[in-house]
Amino acid sequence: QVQLVESGGGLVQAGGSLRLSCAASKLTFSNYAMGWFRQAPGKEREFVASISWRGDYTKNADSVKGRFTISRDNAKNTVYLQMNSLKPEDTAVYHCAASRFYDAPVRPDSYDYWGRGTQVTVSS
């Protein structure tokens, strides 16, 4: 059974940084695009960033451009989300997801597998 397990969330002050990790198992990781989504209480799930199979193509939501960076290490079956200059509005549960599409999809319905998420809370 495919597993995606996120880690690295926590409580941080505005302006701080966090690095999220998502470890994948039971899938051929290098054959999946990976994405990060987030969901705040009472809000829809929101695309954050995505990366292609080989990591040569990425996409970012406008709300995180210049602050968040997605990367992957196919040898470690892990995708990362480096989050800098965090804002209170970044507070949410962050989920990673795996997609069989080669490029970096932005739609949630393009993804086949999802992790349970890790909480990120940014205090003002």
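Bear in mind the structure is a predicted one, so any value in this text is a computation, not a measurement. The analysis underlying the following values was restricted to heavy atoms, covering all of them including side chains, and did not include hydrogens, waters or symmetry mates.
Residues satisfying the side-chain hydrogen bond (donor to acceptor under 3.5 Å, both in side chains) test with R45, not counting sequence neighbours, are none. In terms of the ring-ring contact (aromatic ring centres under 6.0 Å, His included) criterion, F101 has no residue partners (sequence neighbours excluded). With sequence neighbours excluded, no residue forms a side-chain hydrogen bond (donor to acceptor under 3.5 Å, both in side chains) with S99. In this structure S17 satisfies the side-chain hydrogen bond (donor to acceptor under 3.5 Å, both in side chains) test together with N84, sequence neighbours excluded. Scanning for side-chain hydrogen bond (donor to acceptor under 3.5 Å, both in side chains) contacts around N74 gives R72, with sequence neighbours left out.
Here the options are L81, V5, L4, the test is side-chain contact (heavy atoms from CB on, under 4.5 Å), and the partner is C22; only L4 passes.
By the 6.0 Å and 45° rule, R19 stacks over the aromatic ring of Y80.
Placement of L18 and I70 within a single hydrophobic cluster is found when ILVMFWY residues are connected by side-chain heavy-atom separations under 4.5 Å, directly or transitively. Follow the hydrophobic side-chain contacts under 4.5 Å out from Y113 and you never reach V106; the two are in separate clusters. Cluster annotation: V93 is not connected to L86 through the hydrophobic network of ILVMFWY side chains, with a link wherever side-chain heavy atoms come within less than 4.5 Å. No chain of hydrophobic side-chain contacts below 4.5 Å, direct or via other Ile, Leu, Val, Met, Phe, Trp or Tyr residues, connects F37 to L20.
Y111 has its side chain out of reach of R100: every pair of non-hydrogen atoms, C-beta onward, lies at least 4.5 Å apart. No side-chain heavy atom of D73 sits less than 4.5 Å from a side-chain heavy atom of F29. At least one side-chain heavy atom of K59 sits less than 4.5 Å from a side-chain heavy atom of F47. Counting heavy atoms from C-beta on, the side chains of V120 and M83 come closer than 4.5 Å. Contact of the W36 side chain with the I51 side chain is not registered, since no non-hydrogen atoms from C-beta on lie closer than 4.5 Å. Taking 4.5 Å as the limit, some side-chain heavy atom of R38 sits within range of a side-chain heavy atom of D90.
Applying the side-chain hydrogen bond (donor to acceptor under 3.5 Å, both in side chains) test to pairs two or more places apart or on separate chains, those with a residue in residues 115-124 are Q119-T121.
Here CZ of R107 is found 13.0 Å from OG of S50. Values are rounded to the nearest 0.5 Å. Between the CG atom of L27 and the CD atom of Q1 there is a distance of 12.0 Å, given to the nearest 0.5 Å.
Taking the six-membered ring where tryptophan is involved, the planes of H95 and W114 are perpendicular, since the angle between them exceeds 60° and thus also 30°.
Residues A33 and Y102 share a closest heavy-atom pair of CB-O, 4.0 Å. Pairing each heavy atom of E6 with each of G117, the nearest pair is OE1-N, 2.9 Å.
Surrounding CD of Q3 are at most 12 heavy atoms belonging to other residues, nucleotides or ligands under 6.0 Å away.
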